[in-house]
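The structure's right below; bear with me while I get my questions together.
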There are 2 protein chains.
Amino acid sequence: MNATDTRERILGRMFQDIHKNGFQGLRADRVIADLGITKGALYHYFPSKDAIGLAVIAEIIEPSYLAFFRSLEHAKGHPIDLLKDHLQELADKATPDEIYLGCPLNNLVQEMSPLNEDFRQRLKVVMDGMIHCTTRALERGVAQGQVKADADCAAVASFMAAGIEGAYSVAKVLKSLSSFHRNMQQLLNYLELFRA
Amino acid sequence: MNATDTRERILGRMFQDIHKNGFQGLRADRVIADLGITKGALYHYFPSKDAIGLAVIAEIIEPSYLAFFRSLEHAKGHPIDLLKDHLQELADKATPDEIYLGCPLNNLVQEMSPLNEDFRQRLKVVMDGMIHCTTRALERGVAQGQVKADADCAAVASFMAAGIEGAYSVAKVLKSLSSFHRNMQQLLNYLELFRA
DNA sequence: GCTTGCACATACCAACTAGTATGTATATCT
DNA sequence: AGATATACATACTAGTTGGTATGTGCAAGC
């Protein structure tokens with residue numbers, strides 16, 4: 001077991017615990033007991049609880065969310081199809097358990113934005129990334145005649161992000177995977193409106 | 001100062017503290033210090049912290065959210081106009097501070113649904129109420145030829161709820177009132193699609 | 001005027017929780 | 001081989017936090 005392994009094991013479990021309990025509900029003691037390690041190991045890698053949360057956002061949440069959206073930059077194909085495929089994939093791969101726990105990004109946004117500006121800044125980077133990449137993809141679509149010329153690309157991109165988070169949110173209270181599917185389908189219909 | 005006054009003062013402040021810090025971040029000590037009362041008063045009215053949270057949902061959040069949606073049942077006028085007026089009002093009355101703190105319902109949903117089934121049940125009642133009242137209003141609109149006959153009323157109602165929560169969510173991270181306005185406007189446009 | 005019960009106030013505690021101080025085994029470099 | 005740094009383990013603490021046990025002023029009812 002080398003050093004990077006331990007650090008990543010810690011971060012992975014922290015992410016899971018935060019996903020379930022929220023950052024304020026995260027208990028370092030619970031995680032280290034779970035991993036079979038000790039406080040010494042934990043505080044060897046992270047100076048504080050806040051640092052753990054920020055590392056989880058930067059090293060786990062951000063990469064996993066922005067992977068697709070950054071790929072839009074050089075992707076071939078109709079931007080609306082690319083976006084719809086991604087939403088469809090999100091809908092298809094979602095398990096009841098994931099829906100019940102909610103979107104990790106959304107959870108942290110709701111909980112931490114007003115409490116810790118460092119958290120908000122890092123979360124904003126992720127949300128901005130999603131929206132801006134989508135906006136640019138739609139704008140390229142306009143330039144290529146694939147997307148309606150009068151489409152407000154920034155507004156559509158922003159609404160798509162809101163629709164995704166809202167779908168997660170509603171499905172989470174209702175504890176209903178089918179609610180998530182229905183709302184994602186409505187979002188697909190909405191996107192289709194902007195095809196040229 | 002009579003008894004009901006004290007109870008309501010406590011609930012009001014608890015709501016504010018929860019709105020800002022979340023339920024797990026709620027500190028009873030902080031609230032009673034703020035109100036200038038003592039533990040004795042607090043635990044005279046509420047048996048536990050959980051009971052406070054549930055009372056806040058049942059007595060503050062639920063009535064304020066469902067007031068409009070229940071009124072739909074007997075309201076005159078085009079259902080789409082009624083809904084759009086409500087969304088417009090939500091957009092107009094939102095202050096930067098409220099946007100920064102987020103939607104109280106959404107906040108609690110994200111934080112508490114997976115942690116406490118009692119909370120989730122009570123929050124689900126609110127969300128269900130919003131969606132079902134909207135659904136019925138749209139269905140009446142279909143019956144009266146005001147709403148497109150092929151509209152999936154339940155899906156539209158659900159998506160409207162998701163759109164609202166999503167708009168709050170995105171605006172909260174971005175700390176942007178104009179983002180909220182833009183997304184609410186997109187939601188208005190979406191609703192317009194179903195006018196007969 | 002005496003009891004009863006409501007509406008609090010005071011003092012206190014047990015459990016938890018992030019964080020620290022210190023020790024130690026092992027690998028690496030010189 | 002000795003020094004140094006890394007990667008942890010152990011033990012402990014200071015500050016919180018929800019909750020309780022107990023006391024008290026007071027108004028209403030008898």
Side-chain angles (χ1 to χ4, degrees), chain A residues 1-59 107-108 111-112 114-119 122, chain B residues 1-59 107-108 111-112 114-119 122:
Chain A
M1 179 84 57
N2 69 36
T4 45
D5 275 357
T6 303
R7 208 188 107 97
E8 276 166 27
R9 279 181 66 220
I10 292 174
L11 270 187
R13 279 280 186 168
M14 289 291 178
F15 169 75
Q16 289 174 16
D17 208 77
I18 291 172
H19 191 194
K20 187 174 195 171
N21 302 100
F23 180 73
Q24 295 183 101
L26 166 65
R27 298 289 170 249
D29 286 351
R30 187 169 48 209
V31 172
I32 62 177
D34 234 45
L35 286 173
I37 63 173
T38 62
K39 279 255 166 92
L42 178 61
Y43 282 91
H44 174 69
Y45 291 104
F46 304 96
S48 68
K49 191 185 171 184
D50 279 7
I52 294 169
L54 293 171
V56 164
I57 297 173
E59 298 176 39
N107 291 358
L108 277 176
E111 182 187 2
M112 296 305 295
L115 295 183
N116 187 311
E117 182 64 11
D118 289 337
F119 275 67
R122 285 229 64 91
Chain B
M1 181 84 57
N2 69 35
T4 43
D5 275 357
T6 303
R7 208 188 108 96
E8 276 165 26
R9 280 181 66 221
I10 293 174
L11 271 187
R13 279 280 185 168
M14 289 292 178
F15 169 74
Q16 288 174 17
D17 208 78
I18 291 171
H19 192 194
K20 188 174 197 172
N21 302 100
F23 180 73
Q24 294 183 101
L26 167 64
R27 297 290 169 250
D29 287 352
R30 188 168 50 208
V31 171
I32 62 178
D34 234 44
L35 286 173
I37 62 174
T38 61
K39 281 250 167 97
L42 178 60
Y43 281 91
H44 174 68
Y45 290 104
F46 303 96
S48 69
K49 190 186 174 185
D50 279 9
I52 294 170
L54 294 171
V56 164
I57 298 174
E59 297 175 38
N107 291 358
L108 277 175
E111 180 187 5
M112 296 305 295
L115 295 183
N116 186 313
E117 181 65 12
D118 289 338
F119 275 66
R122 284 229 63 91

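Each chain gets a letter, A, B and so on, in the order the sequences are listed, and its residues count up from 1.
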Checklist entry - Whole Å only: how far is the CD1 atom of B:I37 from the P atom of C:dA7? => result 14 Å

Checklist entry - Base, backbone or nothing for each nucleotide of nucleotides 20-28 of chain D, written B, S, -, heavy atoms under 4.0 angstrom, 5' to 3'? => result B--------

Next on the checklist: I need the CD-P distance between A:E8 and D:dA7, as an integer number of Å.
Outcome noted: 13 Å

Checklist outcome for this item: Taken to the nearest whole Å, CG/B:N116 to P/D:dG18 is 15 Å

Item to check | CD1 on A:I52 to OH on A:Y43, rounded to 0.5 Å | outcome: 6.0 Å

Checklist entry - Quick one: NZ on B:K49 to CZ on B:R27, what's the gap to the nearest 0.5 Å? => result 5.5 Å

Checklist entry - Any side-chain heavy atom of B:D118 sitting closer than 4.5 Å to one from B:D50? => result no

Next on the checklist: At less than 4.0 Å, is any side-chain N or O atom of B:H44 found next to OP1 or OP2 of C:dC8? Yes or no.
Outcome noted: no

Checklist entry - Which whole-number value in Å describes the distance from B:K49 NZ to D:dT16 P? => result 16 Å

Checklist entry - Which of the following nucleotides, C:dC6, C:dG19, C:dA9, is nearest to the side chain of A:S48? => result C:dG19

Checklist entry - Over how many whole Å does the gap from A:F46 atom CZ to D:dC8 atom P extend? => result 12 Å

Checklist entry - When the C1' atoms of the five terminal pairs at each end define the local axes, what inter-axis angle does the helix from C:dG1-D:dC30 to C:dT30-D:dA1 show, to 10 degrees? => result 10°

Checklist entry - Within the side chain of B:E111, is there an N or O that forms a donor-acceptor pair under 3.5 Å with the backbone of B:F23? => result yes

Checklist entry - Hey, is NZ on A:K20 packed in by over 12 heavy atoms from elsewhere, all under 6.0 Å? => result no

Next on the checklist: Closer than 3.5 angstrom, by distance alone: can the side chain of B:Q24 be matched with the main-chain N or O of A:N21 as a donor-acceptor pair?
Outcome noted: yes

Item to check | Within residues 19-36 of chain B: residues closer than 4.0 Å to DNA chain D (heavy atoms) | outcome: B:L26, B:R27, B:A28

Checklist entry - Between the side chain of B:R13 and the main-chain N/O of B:L35, is any donor-acceptor distance below 3.5 Å? => result no

Checklist entry - Within the pair A:Y45 and D:dC8, is there a side-chain N or O less than 4.0 Å away from OP1 or OP2? => result yes

Checklist entry - How long is the span from the CE atom in B:M112 to the CG atom in B:L115, to the nearest 0.5 Å? => result 5.5 Å

Next on the checklist: Which heavy atom of B:F119 sits nearest to which heavy atom of B:G53, and what is that distance?
Outcome noted: CZ-CA, 3.8 Å

Checklist entry - Does some side-chain heavy atom of A:I32 sit less than 4.5 Å from a side-chain heavy atom of A:T38? => result no

Checklist entry - Is the shortest heavy-atom distance from the side chain of A:L11 to the side chain of A:F46 under 4.5 Å? => result yes

